[in-house]
Amino acid sequence: MKKKLIAGNWKMNGNLAANQALLEGVLSGLPESACHVAVCVPSAYLAQVQGMLAGKGIDLGSQDVSAHEQGAYTGEVSAAMLKDFGVRYAIVGHSERRQYHGETDALVATKAQRALSAGITPIVCVGETLAQREAGQTEDVVKRQLAAVIHTNGHCISEIVVAYEPVWAIGTGKTASPEQAQAVHAVLRAQLKAASDHAERIHILYGGSMNAANAAELLAQTDIDGGLIGGAALKSADFLTIIGAASR
Ligand code: 13P
């Protein structure tokens with residue numbers, strides 16, 4: 001069985017002192033044979049976190065990447081710049097970026113492509129809203145979102161990570177049940193298998209109110225290969241409990 005991946009998404013939280021305390025807490029409790037662990041931090045803190053994590057067994061991630069290579073794109077951060085700071089993962093297509101920044105499936109696919117060509121693993125987020133779930137559209141929505149990324153990146157699709165994040169479960173304390181999550185993960189796995197002979201090795205993460213209490217049950221599902229953790233990644237004890245559950 002492949003090692004699971006637990007990635008923290010700090011979102012727009014933290015400051016120099018809080019980041020240091022959080023990471024010191026996580027590093028001091030990291031089990032010896034831990035699963036893969038990453039933290040996706042605000043761009044402003046990449047240098048700080050890179051310095052703290054060097055050689056420590058936790059990978060560095062960003063929360064976005066520009067769809068452009070370089071040039072007159074004020075405020076954007078390119079994949080090459082992220083690579084300069086040792087970034088291993090870049091979240092692309094998080095629902096908060098789709099919702100608040102109008103990111104389309106095509107843009108997300110281009111972002112994934114930029115990351116891949118810089119040697120960064122994109123963590124491609126997909127997920128349905130509550131209205132879409134209630135209308136029975138969950139499968140169609142996640143398949144459409146993933147299809148765009150497969151279409152643009154088909155030749156190296158086994159290099160991506162996918163995160164299923166139902167929008168209604170993000171930051172709400174409502175988690176998909178292990179059965180609900182597994183059902184969607186199985187759909188995504190089948191779609192990846194149709195696109196690649198190496199789909200088994202792709203990590204499909206669950207995200208959406210995963211916490212210290214529910215992680216073990218979610219992570220026990222066949223096609224749940226890890227988690228993308230928001231709120232619970234900001235508390236070292238909770239993040240470590242989730243890492244522990246994924247390291248068994
Ligand atoms: P929460 O764990 O806070 O629900 O956030 C999930 C998420 O959006 C991770 O990317």
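As the structure lists them, so they are numbered: ligands from 1, and atoms in each ligand from 1. Keep in mind it's a predicted model, so treat the numbers as computed, not measured.
The only member of Glu76, Glu103, Glu69 that meets salt bridge (Lys or Arg N to Asp or Glu O under 4.0 Å) when paired with Lys111 is Glu103.
Tyr89 places no side-chain N or O within 3.5 Å of a backbone atom of Val161 that could act as its donor or acceptor partner.
No part of Ala163 comes within 4.0 Å of ligand 1, judged by heavy-atom distances. If you look at Asn9 next to ligand 1, the close heavy atoms, those under 4.0 Å, all belong to the side chain.
Listed by number with element, the atoms of ligand 1 under 4.0 angstrom from any heavy atom of Ser209 are 1 (P), 2 (O), 4 (O). Here is the list of ligand 1 atoms found below 4.0 Å of a heavy atom in Ala169: 4 (O). Under a 4.0 Å criterion applied to the non-hydrogen atoms of Gly208, ligand 1 contributes the atoms 4 (O), 6 (C).
Looking only at heavy atoms of the protein, atom 2 (O) of ligand 1 is closest to Gly230 N, 2.9 Å. Protein heavy atom nearest atom 7 (C) of ligand 1, with residue, atom name and distance: Glu165 OE2, 3.2 Å. The protein atom (non-hydrogen) at minimum distance from atom 3 (O) of ligand 1 is Gly231 N, 2.8 Å. Lys11 NZ, 3.3 Å is the protein heavy atom nearest to atom 5 (O) of ligand 1.
The cluster map of Ile, Leu, Val, Met, Phe, Trp and Tyr, joined by side-chain heavy atoms under 4.5 Å apart, puts Tyr164 and Ile202 in the same cluster.
Below 30°, between 30° and 60°, or above 60°: for His203 and His36 the angle between ring planes is above 60°, a perpendicular geometry.
Of the N or O atoms in Glu96, none lie within a sub-3.5 Å distance of an N or O in ligand 1. No N or O atom of Gly207 sits closer than 3.5 Å to an N or O atom of ligand 1. Annotation: Leu228 places no N or O atom under 3.5 Å from an N or O atom of ligand 1; distance criterion only.
A salt bridge is absent between Asp225 and Lys4; no separation between the charged side-chain nitrogens and carboxylate oxygens falls under 4.0 Å. Ionic pairing of Asp105 and Arg98 is present here: one or more N-O contacts between side-chain nitrogen and carboxylate oxygen are shorter than 4.0 angstrom. Using a cut-off of 4.0 Å between Lys/Arg side-chain N and Asp/Glu carboxylate O, Arg144 and Glu139 are scored as not salt-bridged.
Using a 4.0 Å heavy-atom cutoff, Cys125 is absent from the residues neighbouring ligand 1.
Ile224 has its side chain out of reach of Ile204: every pair of non-hydrogen atoms, C-beta onward, lies at least 4.5 Å apart. The closest side-chain heavy-atom distance from Ser62 to Ile91 is not below 4.5 Å.
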